[in-house]
Amino acid sequence: MSVYKRLLAGFLIFMTACVNEVQLPIRQVKPRLVVDGLITDEAPPYPIKLTLSGAYSSGGGFPEELIINGAVVTITDNGDRTVQLEQDVLQPSYYWVRDPSFQGQPGHRYTLKVVLPDGTVYVSSSELLAPVAPIERVYAEYRRGEGSFGQPDLYNILIDTRDPATLGDYYRWSTYSYVPRWTTVDPQHSTCSVCSCWTPYFSELTNVLSDALINGNRISHRSVFNSPVYAIGKQFVEVRQYSLSRSAYQYWTHFEEQRSRTGSLFDPQPASIEGNVHQQADTTVLALGYFGASSVSRQRLVIPGDTIQYDRFLNRLNKAFIPPGSCPGNFPLSQLGPPTNW
């Protein structure tokens, strides 16, 4: 055997030895309280979601053992006014502020308190509801996707706003759009009463920004969402611009860092994203999630969609985004008509 062949054989043996299966121990983690909620300067109601951490499948419904029934949940404004939340009968993991007189006020601080059925008390850090600059403009730019690879065309949703002169402003953007969808046929070449609908699509919650580098300047051409184009027709878009406290900004930044990990060997091990809620008796026992307070500026946009050439659009994508069946069967959140009051 030549030297080259011996080296090659040795290399293959070495590589085979390096791929032995490694059995890792499975950690048994005690369930923890998970808090997800926000009070704003818009009129109530405000939902606060309370659950226990644990494994569940999105398709199988929320497990009963992770729902917290019978908690006493309150929010206090500046330490002098308190409102008690009502548990939702149909969705018991949600507790609601329904009192119309309890509306968030910029400059006020808000504290969440949760008394669990076993008497354990959790409280949040005091959250400042800071003002937010108004959105000046919402607009869209059309971008072509690679339809043959399952990527639709899209509208890149952009906003302009101006950051105040004071340092220490933090932003988060949340966007949703109602997008036309077709099933079975396209409406121009056939008729079907349940084959055309509008389906909601939502942005990630982690689009955040600090004014550390842009204080007092315009925030221009900021991308807040990519709204997919699966069919031709009007799109209805709403953008919400939230103020954040510094700690909320840090929370959402860490949340996005964990969400966007590539999963390579060089990534640090994921850790629980702990928020601003802790046990009253032991501040080292932290809940997951975050209780926030934000001012909101919102603006809507209707994209006409009439500049897209119908047949060229269909031919280029080869009807790749027209599934068989009905709209309700394919898109459970869809509605057969466009949204009203736009």
Side-chain angles (χ1 to χ4, degrees), residues 33-51 62 67-117 121-135 169-178 200 202-203 205 207-208 236-245 247-249 251-252 275-277 287-300 333 335 339-342:
L33 175 66
V34 182
V35 176
D36 180 19
L38 181 70
I39 184 170
T40 74
D41 62 347
E42 297 186 311
Y46 312 120
I48 303 293
K49 187 177 182 181
L50 300 179
T51 62
F62 200 86
I67 294 175
I68 299 175
N69 276 302
V72 177
V73 186
T74 56
I75 295 176
T76 300
D77 176 354
N78 276 0
D80 57 11
R81 186 183 177 198
T82 298
V83 63
Q84 183 166 331
L85 283 67
E86 303 172 16
Q87 187 173 11
D88 195 308
V89 176
L90 298 179
Q91 294 181 296
S93 56
Y94 286 90
Y95 292 73
W96 293 84
V97 175
R98 299 193 187 276
D99 184 346
S101 66
F102 194 90
Q103 183 169 341
Q105 300 293 325
H108 288 210
R109 290 185 172 274
Y110 295 87
T111 305
L112 177 74
K113 182 178 181 180
V114 178
V115 182
L116 298 179
V121 179
Y122 283 82
V123 294
S124 74
S125 301
S126 176
E127 274 288 294
L128 174 66
L129 198 156
V132 70
I135 298 174
D169 294 295
Y170 304 92
Y171 301 89
R172 179 167 68 88
W173 288 276
S174 173
T175 309
Y176 71 91
S177 60
Y178 279 95
F202 302 90
S203 67
L205 296 175
N207 189 339
V208 298
F236 302 84
V237 181
E238 180 173 290
V239 180
R240 300 179 185 181
Q241 180 168 285
Y242 296 89
S243 63
L244 292 179
S245 65
S247 60
Y249 168 76
Y251 171 84
W252 288 111
N276 62 341
V277 181
L288 304 178
Y290 202 91
F291 168 70
S294 297
S295 292
V296 183
S297 174
R298 67 170 75 198
Q299 197 170 125
R300 287 179 168 180
L333 297 179
Q335 56 188 50
T340 58
N341 301 322
W342 283 68

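Hydrogens, waters and symmetry mates are skipped; everything else that's a heavy atom, side chains included, is used. Everything numeric in this text was worked out from a predicted model, so none of it was measured.
Y94 contributes no side-chain N or O that, together with a main-chain N or O of L90, makes up a donor-acceptor pair within less than 3.5 Å. Side chain of S243 to main chain of A130: a donor-acceptor pair is present (N/O by atom type, distance under 3.5 Å, no hydrogens or angles). Between the side chain of Y110 and the backbone N or O of Q105, at least one donor-acceptor pair lies under 3.5 Å. In terms of modelled atom types and a separation under 3.5 Å, the side chain of S297 and the main chain of I135 share a donor-acceptor contact. Under the 3.5 Å distance criterion, the side-chain polar atoms of Y122 are left unmatched by any main-chain donor or acceptor of L112.
Applying the salt bridge (charged side-chain N to carboxylate O under 4.0 Å, His left out) test to R109 and every residue at least two apart in sequence or in another chain returns nothing. Applying the ring pair (Phe, Tyr, Trp, His ring centres under 6.0 Å) test to W252 and every residue at least two apart in sequence or in another chain returns F255. When the ring pair (Phe, Tyr, Trp, His ring centres under 6.0 Å) test is applied to F291, no partner is found at least two apart in sequence or on another chain. For Y95, there are no ring pair (Phe, Tyr, Trp, His ring centres under 6.0 Å) partners, not counting sequence neighbours. Checked against side-chain hydrogen bond (donor to acceptor under 3.5 Å, both in side chains), T175 has no partners two or more places apart in sequence or in another chain. For D99, the salt bridge (charged side-chain N to carboxylate O under 4.0 Å, His left out) test picks out R81, with sequence neighbours left out. The side-chain contact (heavy atoms from CB on, under 4.5 Å) search around D41 returns P106, L129, S295, V296, not counting sequence neighbours. Under the side-chain hydrogen bond (donor to acceptor under 3.5 Å, both in side chains) criterion, Y242 pairs with no residue, sequence neighbours left out. For N69, the side-chain hydrogen bond (donor to acceptor under 3.5 Å, both in side chains) partners are Q87, not counting sequence neighbours. Y290 pairs by the ring pair (Phe, Tyr, Trp, His ring centres under 6.0 Å) definition with Y251, not counting sequence neighbours. Qualifying side-chain contact (heavy atoms from CB on, under 4.5 Å) partners for V34, counting only residues two or more places apart in sequence or in other chains: T51, S53, L288. Under the rule for a side-chain hydrogen bond (donor to acceptor under 3.5 Å, both in side chains), R172 has no partner lying at least two apart in sequence or in another chain.
Residues L244 and V208 form a side-chain contact, since some pair of their non-hydrogen atoms from C-beta on lies under 4.5 Å apart. Taking 4.5 Å as the limit, every side-chain heavy atom of V277 sits out of range of all side-chain heavy atoms of V114. Residues P44 and Q103 form a side-chain contact, since some pair of their non-hydrogen atoms from C-beta on lies under 4.5 Å apart. In this structure the side chain of Q241 never reaches within 4.5 angstrom of the side chain of R298, judged on heavy atoms.
The distance from the OG1 atom of T340 to the CZ atom of F236 is 10.0 Å, given to the nearest 0.5 Å. K49 NZ to L38 CG: the interatomic distance, rounded to the nearest 0.5 Å, is 15.0 Å. Here CD of E238 is found 11.0 Å from OG of S203. Values are rounded to the nearest 0.5 Å. Taking CG of L50 as the start and CG of L116 as the end, the distance is 8.0 Å to the nearest 0.5 Å. Once rounded to the nearest 0.5 Å, the distance linking CD1 of I75 with OH of Y46 reads 9.0 Å. The structure places CG of D80 at 8.5 Å from NE2 of H108, a figure rounded to the nearest 0.5 Å.
For the pair R300 and W342, the cation-pi criterion (under 6.0 Å, within 45° of the ring axis) is fulfilled.
For the residue pair E86 and W96, no side-chain donor N or O sits within less than 3.5 Å of a side-chain acceptor on the partner. One side chain, E127 or S245, offers a donor N or O that lies under 3.5 Å from an acceptor on the other. Under the 3.5 Å distance criterion, with hydrogens and angles disregarded, a donor-acceptor pair is assigned to the side chains of T76 and T82.
Note: Y171 and W173 have parallel aromatic rings, judged against thresholds of 30 and 60 degrees for the angle between ring planes.
Taking the centre of each ring, Y170 and Y249 come in below the 6.0 Å mark.
Of all the heavy atoms in I68 and P117, the pair that sits closest is CG2-CD, 4.1 Å. Between S177 and V237, the shortest heavy-atom distance links the atoms CB-CG2, 3.9 Å.
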